[in-house]
Amino acid sequence: MLDIKFIRENPDVVKENTANKNASADIDKIISLDQRRREILSLVEQQKFERNVNSKQIGDIKKAGGDASQIMNDMKVISESIKSMDTELREVEQKRDEELLKIPNMSDEVVPVGKNETDNKEIKSWGLVRDSSHGLDHIAIAKKLGLFDFERGAKVTGAGFSFMTGKGARLERALINYFLDSHSENGYSETIPPFVVNEDSMRSTGQLPKMAEDMYHAQIDNLYLIPTAEVPLTNLHRDEILQDSDLSIKLCGYSPCFRREAGSHGKDVRGFLRVHQFNKVELVKFTRPQDSAKELQSMLSDVEKLIQGLGLSYRILLLCSGDTSFASSVTYDFEVWAESEKSWLEVSSCSNFKDFQSRRANIRYRPKGKVSEGKKISPEFVHTLNGSALATPRILVALIEQYFDGTSLWIPEVLRKYTGFDRID
RNA sequence: GGAAGAUUCGCAUAAUUGGUAUUGCAGCAGUCUUGAAAACUGCCGGGCGCAAGCCUAUGGGGGUUCGAGUCCCUCAUCUUCCGCCA
């Protein structure tokens with residue numbers, strides 16, 4: 001959510017940014033609703049002041065044993081008026097916020113303006129982009145080696161769910177351990193969040209109302225299965241005021257992720273390219289505003305080290321305005337090269353949301369600073385960042401295709417202490 | 001699932017028959033000091049305002065009332081007990 005004050009003062013900038021992000025929102029409507037809101041607010045506050053003064057007077061009169069019925073009658077009228085104005089105020093606020101939630105975050109100045117993924121800017125690539133020597137894709141290899149069982153996954157649950165079996169399951173667990181251990185070394189605090197969350201949490205990170213169709217929903221308890229650990233991790237500090245000394249907070253968390261992928265049937269559905277349940281380790285940071293740019297860079301290098309450790313070829317993209325998500329100000333994607341698929345697969349997305357999520361989730365901190373002449377320091381919104389580090393399915397696809405030599409799947413060195421074996425055959 | 005009790009600032013606490021949220025600790029800024037501690041001064045729930053000041057706030061939502069921490073309804077969470085299940 002953007003600051004209403006900022007919108008009021010820079011309507012044209014907001015309009016242009018909204019268009020560049022392929023979104024639409026009625027900025028003028030918001031401004032006029034906000035103006036109306038402030039008019040009502042000042043009127044109703046005057047009346048409340050009057051009510052408070054008179055109520056106090058009534059108390060004093062009664063305490064002195066006098067008759068206050070005249071004032072009390074007058075007050076009834078004012079109270080009614082306050083009640084109806086409060087109702088109107090709430091209606092106007094609701095309409096304003098409804099529209100306000102449609103405005104995307106302001107793009108960072110480094111973000112190139114563009115329509116879609118073809119306008120993204122490659123800022124780095126590493127490793128060889130080559131074709132596979134064996135010609136088998138990850139599905140064929142996995143079948144041959146018995147790593148996964150897609151058919152029985154479909155029987156037990158449905159399409160898009162699979163069993164990981166034997167050494168395949170072990171490999172999956174090794175990846176997760178490798179990710180988590182690396183993050184702990186880099187100063188992230190390990191967290192295992194709840195895998196289901198309530199409606200408020202989904203709302204504050206922005207999954208609701210827009211993405212309702214894409215989530216699994218347990219109706220009896222009105223709880224949602226998380227599509228990413230970003231949701232519980234960011235909500236961890238919802239409605240809190242943090243201390244300056246607490247920041248930056250760096251969290252890493254493992255969770256399974258559940259996505260209905262409504263409307264995406266027929267697109268990348270083969271094997272592990274697009275599934276309804278997968279494992280991911282997520283990074284989340286809460287920072288002071290002045291630190292967030294630097295923290296995004298360090299997050300990128302934390303993710304990069306993981307991929308390099310696995311020996312996969314990758315590239316880093318700076319997303320253009322049209323491809324950057326609604327809530328993000330600036331996003332970098334990591335893509336790894338899959339030899340048999342002959343394509344780049346997105347394995348991580350690191351974003352700086354600045355104060356967009358924190359305003360919505362009401363996460364603030366108390367800045368350290370000079371207190372001059374008894375003026376208190378107002379809390380400010382923190383900046384939030386998150387990044388996948390990493391999601392396992394597409395890492396597995398690239399890894400299986402690259403490390404298979406025709407008979408054996410060789411395990412990257414960094415994983416061997418977790419798997420306990422050096423190859424699968 | 002049922003019963004009883006509880007929820008007030010980061011922590012701890014006070015608030016007559018309903019009369020407008022107290023105090024302590026911690027914290028922050030400053031004075032003093034070579035530096036620190038102590039002591040002292042100011043701030044210390046949130047919002048608006050250049051300011052004076054105003055509004056708001058006692059777990060969430062609603063109600064009664066001129067006025068609600070206090071009375072009523074409802075939901076959430078915690079504690080204890082009972083029941084059920086593993």
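Lettering follows sequence order; numbering is per chain, from 1.
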Could you state the atom-to-atom distance from NZ of A/K62 to P of B/U17 in whole Å?
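The answer, rounded to whole Å, is 16 Å.
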Taking atom types as modelled, is there a side-chain donor on A/T205 or A/Q207 under 3.5 Å from an acceptor on the other?
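Result is yes, a qualifying pair exists.
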Pick the [atom1] atom in [N] and in [M], then give their distance to the nearest Å.
{"N": "B/U23", "M": "B/A68", "atom1": "C1'", "answer": "23 Å"}
{"N": "B/G30", "M": "B/G24", "atom1": "C1'", "answer": "22 Å"}
{"N": "B/G10", "M": "B/U16", "atom1": "P", "answer": "24 Å"}
{"N": "B/C25", "M": "B/U34", "atom1": "P", "answer": "28 Å"}

Can we say [X] and [Y] salt-bridge, meaning some charged N sits less than 4.0 Å from an Asp/Glu carboxylate O?
{"X": "A/R288", "Y": "A/D291", "value": "yes"}
{"X": "A/D3", "Y": "A/K5", "value": "no"}
{"X": "A/R96", "Y": "A/E93", "value": "no"}
{"X": "A/K115", "Y": "A/D119", "value": "no"}

Between A/V53 and A/G59, name the one whose nearest nucleotide on RNA chain B is closer to the 5' end.
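Nearer the 5' end of the strand: A/G59.
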Let me know, please, whether A/N52 or A/R366 comes out on the 5' side of the other along RNA chain B by nearest nucleotide.
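Comparing both residues, the 5'-ward one is A/R366.
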Phosphate-side-chain proximity, [X] and [N], N/O vs OP1/OP2 below 4.0 Å:
{"X": "A/K48", "N": "B/U20", "value": "no"}
{"X": "A/R90", "N": "B/G62", "value": "yes"}
{"X": "A/S79", "N": "B/U65", "value": "no"}

Using purine N1 to pyrimidine N3 plus N6-O4 or O6-N4 for Watson-Crick, or N1-O2 and O6-N3 for G-U wobble, each under 3.5 Å, what pairs with [N]?
{"N": "B/G10", "result": "B/C25"}
{"N": "B/G67", "result": "none"}
{"N": "B/C78", "result": "B/G5"}

At under 4.0 Å between heavy atoms, what does [X] touch on the DNA or RNA strands: base, sugar-phosphate, or nothing?
{"X": "A/M75", "answer": "sugar-phosphate"}
{"X": "A/R51", "answer": "sugar-phosphate"}
{"X": "A/I71", "answer": "nothing"}
{"X": "A/D74", "answer": "nothing"}

Would you tabulate the nitrogen or oxygen pairs shorter than 3.5 Å linking the protein to nucleotides 70-76 of chain B?
none

Can you check whether A/S351 reaches A/V330 side chain to side chain, under 4.5 Å on heavy atoms?
no
